[in-house]
Amino acid sequence: MPGIGKGRIMDRLRREGLTQFQQNVLVKVMEIPKGETRSYKQVAVMAGYPNAYRAVGTAMKKNPMAPVIPCHRVIKSSGEPGEYSGRGGRTEKVRMLKKERAL
DNA sequence: TTCCTGACGCTCG
DNA sequence: GCGAGCGCCAGGA
C-alpha cells in the first residue's frame, strides 16, 4: 500500500501551484507515521521553518490530496485537535485520529 | 507594493 | 491552572 510515490506527490503539489514552503510542509506531514501525531510547531521545525508554525496551517488548507497527506495528524501543542478544513471538519478529524491510534 | 488574515505558540498576569 | 495579549512567517487581495 505504497499508494503513491513521494516524488509523484511533490510533482503534483508543484503543479497545484504550491510554493516551496508549502511543498516542504506537506511532504513532512506525509511522513508522519500512522498512529502518531505532531504539533504545528514540530511540523514547522521539520520543514526547516521553526518559526513558521502559523504558515503551516495555511499550507494545510492548500492540501490537494486529503487522504495522501494526513493533515489530521497535525494538532495543536496544547493537545487539542485544532481546526480542519477537510470533510467533516474537526469532528471527522478527531474520529480519524482515534481510529488510527487504535490500530 | 502594502495591508490583512490565518487549521498557531509562548509568555505574562 | 486558566485567560488574554503579543509575536511569528507566508499567502492572498
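So that the names make sense, note that chain A is the first sequence line, chain B the second, and so on, each numbered from 1.
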Nearest heavy atoms of A:Y84 and A:K93, plus distance in Å: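 Closest heavy-atom pair between A:Y84 and A:K93: CB-CD, 3.7 Å.
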Residue pair A:R73 / A:I32: nearest heavy atoms and the distance that separates them: NH1-O, 2.7 Å
Nearest listed nucleotide, side chain of [X], among [options]:
X     : options               : answer
A:M60 : B:dC10, C:dG7, B:dA7  : B:dA7
A:K76 : B:dA7, B:dC8, C:dA10  : B:dC8
A:S78 : C:dA10, B:dG9, C:dC9  : B:dG9
A:A52 : C:dG11, C:dC9, B:dA7  : C:dC9
A:T19 : C:dA10, B:dA7, C:dG11 : C:dG11

Partners passing salt bridge (charged side-chain N to carboxylate O under 4.0 Å, His left out) against A:R54 (at least two apart in sequence or in another chain):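 Here no residue qualifies.
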Rounded to whole Å, how long is the line connecting atom [atom1] of [X] with atom [atom2] of [N]?
X     : N      : atom1 : atom2 : answer
A:E80 : B:dC8  : CD    : P     : 10 Å
A:K61 : C:dA10 : NZ    : C1'   : 12 Å
A:L26 : C:dA10 : CG    : C1'   : 13 Å
A:R90 : B:dC8  : CZ    : P     : 10 Å
A:Y84 : B:dA7  : OH    : P     : 14 Å
A:M96 : B:dA7  : CE    : P     : 19 Å
A:Y53 : B:dC10 : OH    : P     : 7 Å

Candidate pair A:H72 and A:E92, rule side chain to side chain donor-acceptor pair (under 3.5 Å), full reasoning: CA-CA 9 Å; A:H72 60 275; A:E92 266 301 307; over 6 Å; no
A:R101/A:E36 salt bridge by N-O under 4.0 Å criterion: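 No.
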Stepwise salt bridge (charged side-chain N to carboxylate O under 4.0 Å, His left out) test for A:E16 and A:R14: CA-CA 5 Å; A:E16 286 289 333; A:R14 172 175 288 189; over 6 Å; no
Selection: residues 39-50 of chain A, any non-hydrogen atom under 4.0 Å of DNA chain B: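 Per residue number, the list reads A:Y40, A:K41.
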Quiz item: A:R54 side-chain donor-acceptor pair to C:dC8 base, under 3.5 Å: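 Under the 3.5 Å cut-off, the side chain and the base do form a donor-acceptor pair.
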N/O donor-acceptor pair under 3.5 Å between A:E80 side chain and A:I75 backbone: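 Not a single qualifying donor-acceptor pair exists.
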Sugar-phosphate only, base, or nothing, as touched by A:S85 at under 4.0 Å among non-hydrogen atoms: base
Short side-chain N/O contact from A:T58 to OP1 or OP2 of B:dG6, under 4.0 Å: no
